Amino acid sequence: MAEAIRMPLLSDTMTQGVIAEWHKKVGDEVKADDVIADVETDKATMEVTPYVDGTLLYIAVDKGQGVPINGIMAIIGKPGEDFQSILDEEPAAKTTASPQTEAAEKKPAGQEEATAAGPQEKVDNAEKPNEQQETVTESKAAPVANVGTAKPEEEAKFATENMPTVVSDAGKDQPKEQNETSAENKPTPVAKAGEATVVRMPLLSDTMTEGKIVAWHKKVGDTVKNDDAIADVETDKATMEVMPYADGVLLYIGVKEGEAAKINDIIAIVGKAGTDITPYLDGNSEPEAQSSQAAPEEKETQGQNPVQTAATAPASAPATPASSQGGQTAPAETEQSGGEERVKASPLAKMLASEKGIDIHQLKGSGDNGRIVKRDIDSYQPPKQATPAAPATAGDKTIPAPVKAQAAPASPQVLGQESHTDVPVSQMRRIIAQRLGESMFTAPHFYLTMTITMDKAMEARKAINEVATAKVSFNDLIIKASAMALRRHPQVNSSWMGDFVRQNHHINIGTAVAVDEGLIVPVIKFADQKSLSQIATEASTLIEKARTKKIQPHEFTGNTFTISNLGMMDIDEFTAIINPPDSCILAVGKITPSAVVENNQVVVRQLMKITLSCDHRVVDGAVGSRFLQTLKQHLENPVTMLA
C-alpha cells in the first residue's frame with residue numbers, strides 16, 4: 001500500500017517547511033532510514049526520512065517550494081502502484097506537483113490496472129474462461145490527517161483490488177457449514193476513514209531511535225484538540241511534548257508511562273467517540289504482498305466441494321508444531337530483534353493479553369507467519385494444572401514419603417552479602433554510549449596540551465562585568481576566543497564525511513553541559529559574530545533549558561566545534577572524546593595560581609591547562625598546534641579578540 005510522507009513538525013514555531021534539497025527522485029528505491037529530503041524550517045535545515053521501504057512514486061513540490069505542516073511531501077509504494085486516491089483524499093490542493101511527477105500521474109489507467117494485476121490472476125483467468133469474475137470495489141476513503149497515519153481501510157482496499165474472486169456453479173449448492181466457514185474467513189469490517197487518527201512516536205532529534213513516555217496529560221475518554229499536549233516524551237536529548245494534530249476523543253493509549261516506543265510505533269489513537277479501533281491495531285504491520293498472494297488461493301478453495309477442500313488443505317498448509325498434551329498451545333513464533341526475542345503479535349493482542357494476564361509467549365498465532373491476533377487471545381484456554389502425585393500405597397497401607405534429616409543449626413557467623421542494583425539505561429545515556437563509542441573507536445584521536453596564563457583574562461573579565469548587561473564567565477571568554485581562532489584556522493572547523501572533508505564556513509560552538517541523565521551540548525551559533533554579552537546571555541539561557549529539559553532540537557544541533565570545561569569541578573586537566581561530526585574538542589581545566597620563572601625571577605601566575613583532542617583524519621599535529629597558539633594569544637591578551 002502506498003504511503004504518504006507528510007511534512008513533520010520540526011520546531012515549536014514552524015508552520016511550513018521549504019524543500020532545501022531532494023536526495024531522491026521519482027522511481028528511486030528508498031529504505032526506511034534513507035534521507036529523502038532536506039527541509040528548511042524557521043530554525044534550521046533538517047533531514048526527513050520516510051520510515052517505510054519502497055519506490056518513490058510522487059514528489060509534491062520542487063526544490064525551493066514550501067509545504068504546510070502535515071501536507072503531503074511525497075508518496076512511497078510499490079512500482080506502478082496507483083496513488084491517485086491518496087491525492088484525491090487531500091483537501092483543496094495545498095501544494096503544486098513537480099514536473100518530474102506529472103508523467104507518473106498521467107499514466108494510462110489500463111496500464112496501471114495491468115501492473116496491479118498479479119501473474120497469479122492472469123493464470124487463473126486463462127485456465128477458467130467460463131467462470132464468472134467478480135470485481136470487488138470499495139468507496140474512496142476520507143482523509144486521515146496525521147503524519148504516518150495508519151489507514152486500515154486502504155490496506156483492505158489494496159488487498160481486495162488485487163484479489164480475484166472466483167465463483168463457480170458448484171459453490172452455489174455448498175452445505176451451510178462451508179458457507180459459514182467462508183464467512184468467517186472474510187476480512188473484518190474496517191472503520192470508516194476519518195473516524196480515527198493514529199498518533200505515532202515522532203522523530204524528535206536526529207539521533208533518536210525510540211522515545212520514553214514520561215507522562216500522559218490525557219486519559220482514555222478525554223476530549224483533545226489538535227494542539228493539545230497529550231504526552232511528554234523523553235528522547236536522548238530532552239523531554240518534549242507530543243500533540244495529536246487532530247480533534248476528537250482519546251480512544252486508545254498504546255504505551256504506558258515509563259515505557260518506550262520505537263520511532264513510528266503507535267502510541268495513541270484519537271477519533272470519534274465509540275469508533276472501533278480494532279482495524280487500526282489488528283493486522284497493522286503485515287506486508288500487503290503476502291495477503292494479496294494468499295487471497296486467490298483461499299477464494300478458489302471456497303468454490304470447491306468440501307471433500308476436495310479437506311483433502312487439499314493439508315498439502316498446501318505450512319507445517320505447524322504439534323500442540324502439547326493437556327490443551328496447551330505451542331509457543332508463539334518469535335524473531336530476534338536487537339538481541340532480544342520478540343513475539344510477533346498485533347498491538348491489540350498484546351494489550352488484551354496484558355489485561356487478561358496471559359503469557360503471550362505461550363500462544364500460537366493464527367495470523368500470517370504465525371502472528372498473534374485478537375482471535376488467538378479470545379480463544380485461549382489455559383493449560384491444565386498437573387495433578388500432584390499421590391503417595392505410594394501397598395495394600396491398604398500408605399507408605400509415607402521419606403523424611404529428610406533435619407539440617408544442623410546454622411552457625412551464628414555474620415558474613416557480608418554481595419548485592420547490586422540494576423539501573424535502567426535512559427535514552428540519553430544510550431545515545432551517549434553509542435555515539436561516543438563510535439567516535440572513540442572510529443576517529444583516530446591524538447591530543448595537544450598547552451598552558452595558558454590567565455592573569456590578563458581575569459582582569460579583562462572583571463572590567464567587562466562592570467559594564468556588561470550579562471555576567472561574562474571564563475567559559476564565555478573561551479567560547480569567544482575559540483571562535484576567533486577558528487576563523488584563522490578553518491581546517492579545525494571541519495568534519496570528516498567519508499569521501500571528503502567538509503570545511504564549515506559558519507562557526508557554531510557547542511558547550512558540554514552535565515545533566516542528571518548524562519550530557520547535552522547546547523550550541524552557540526555564529527559565535528564569532530557575537531559579542532561577549534550576547535554569548536553570555538545565550539549560553540546562560542541554553543544551559544538553563546538543558547537542565548530543565550526544555551531545550552529544543554535546533555538548540556542542541558549543528559555544532560562545528562565543542563568545548564568541555566571541568567575547571568569549576570577542580571579538575572587540573574583531562575582529555576575529551578570528540579563529539580561527532582566535529583573534528584576537534586577542547587578540554588578546559590581549572591585556573592590555578594602557580595609559581596613560574598620570568599626574567600630570572602619567581603612570580604605567581606594564574607595558569608590554566610587546555611587539551612585539544614583532534615581527529616587525525618582531518619587535523620594534523622601542526623594544524624592543531626597553530627590553532628592552540630592563536631587561542632593562547634587571544635586568552636592571554638583579550639584585546640586581540642576585538643580585531
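All values derive from a computational prediction rather than experimental measurement.
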Quick check: do Leu612 and Thr449 have side-chain heavy atoms less than 4.5 Å from each other?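 No, every pair of side-chain atoms sits at 4.5 Å or beyond.
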
Within the structure provided, determine whether Glu544 and Thr541 are in side-chain contact (heavy-atom separation under 4.5 Å).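 Side chain of Glu544 against side chain of Thr541, heavy atoms only: no contact under 4.5 Å found.
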
Set of residues satisfying side-chain hydrogen bond (donor to acceptor under 3.5 Å, both in side chains) with respect to [X], sequence neighbours excluded:
X: Asn508; value: none
X: His217; value: Asp232
X: Glu21; value: Lys63
X: Asp228; value: none

Nearest-0.5 Å distance, [atom1] of residue [X] to [atom2] of residue [Y]:
X: His23; Y: Leu56; atom1: NE2; atom2: CG; value: 12.5 Å
X: Phe526; Y: Gln534; atom1: CZ; atom2: CD; value: 13.0 Å
X: Leu203; Y: Ile263; atom1: CG; atom2: CD1; value: 5.0 Å
X: Asp222; Y: Trp216; atom1: CG; atom2: CH2; value: 11.5 Å
X: Tyr280; Y: Ile266; atom1: OH; atom2: CD1; value: 10.5 Å
X: Ile452; Y: Lys632; atom1: CD1; atom2: NZ; value: 4.5 Å

Who are the salt bridge (Lys or Arg N to Asp or Glu O under 4.0 Å) partners of [X], not counting sequence neighbours?
X: Lys590; answer: Asp570, Asp572
X: Arg430; answer: Glu210
X: Asp53; answer: none
X: Asp528; answer: Arg487

Thr640 versus Asn637, side-chain donor and acceptor atoms under 3.5 Å: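 Their side chains do not contain a donor-acceptor pair, so the 3.5 Å distance test is not met.
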
Hey, are Asn475 and Asn565 close enough side-chain-wise for a donor-acceptor pair under 3.5 Å?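 Yes, a side-chain donor-acceptor pair sits under 3.5 Å.
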
Which pair of non-hydrogen atoms, one from Ala470 and one from Ser533, has the smallest distance, and what is that distance?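 That would be CB-O, 4.1 Å.
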
Which ring pair (Phe, Tyr, Trp, His ring centres under 6.0 Å) pairs, counting each pair once, include a residue from residues 467-501, with sequence neighbours left out?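 Qualifying pairs: none.
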
Inter- and intrachain pairs under ring pair (Phe, Tyr, Trp, His ring centres under 6.0 Å), touching residues 425-449, at least two apart: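 Sorted pair list: Phe446-His616.
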
Is the shortest side-chain N to carboxylate O distance from Lys525 to Glu555 below 4.0 Å?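 Salt bridge absent between Lys525 and Glu555.
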
Sequence neighbours left out, what pairs pass side-chain hydrogen bond (donor to acceptor under 3.5 Å, both in side chains) with at least one residue falling in residues 450-469?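 The answer is none; no pair qualifies.
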
For Glu259, enumerate each residue passing the side-chain contact (heavy atoms from CB on, under 4.5 Å) test, keeping only those at least two apart in sequence or located in another chain.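 Glu259 satisfies side-chain contact (heavy atoms from CB on, under 4.5 Å) with Val255, Lys256 once adjacent residues are dropped.
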
Return yes if some donor-acceptor pair links the side-chain N/O of Ser540 with the main-chain N/O of Ala536 below 3.5 Å, else return no.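 No.
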
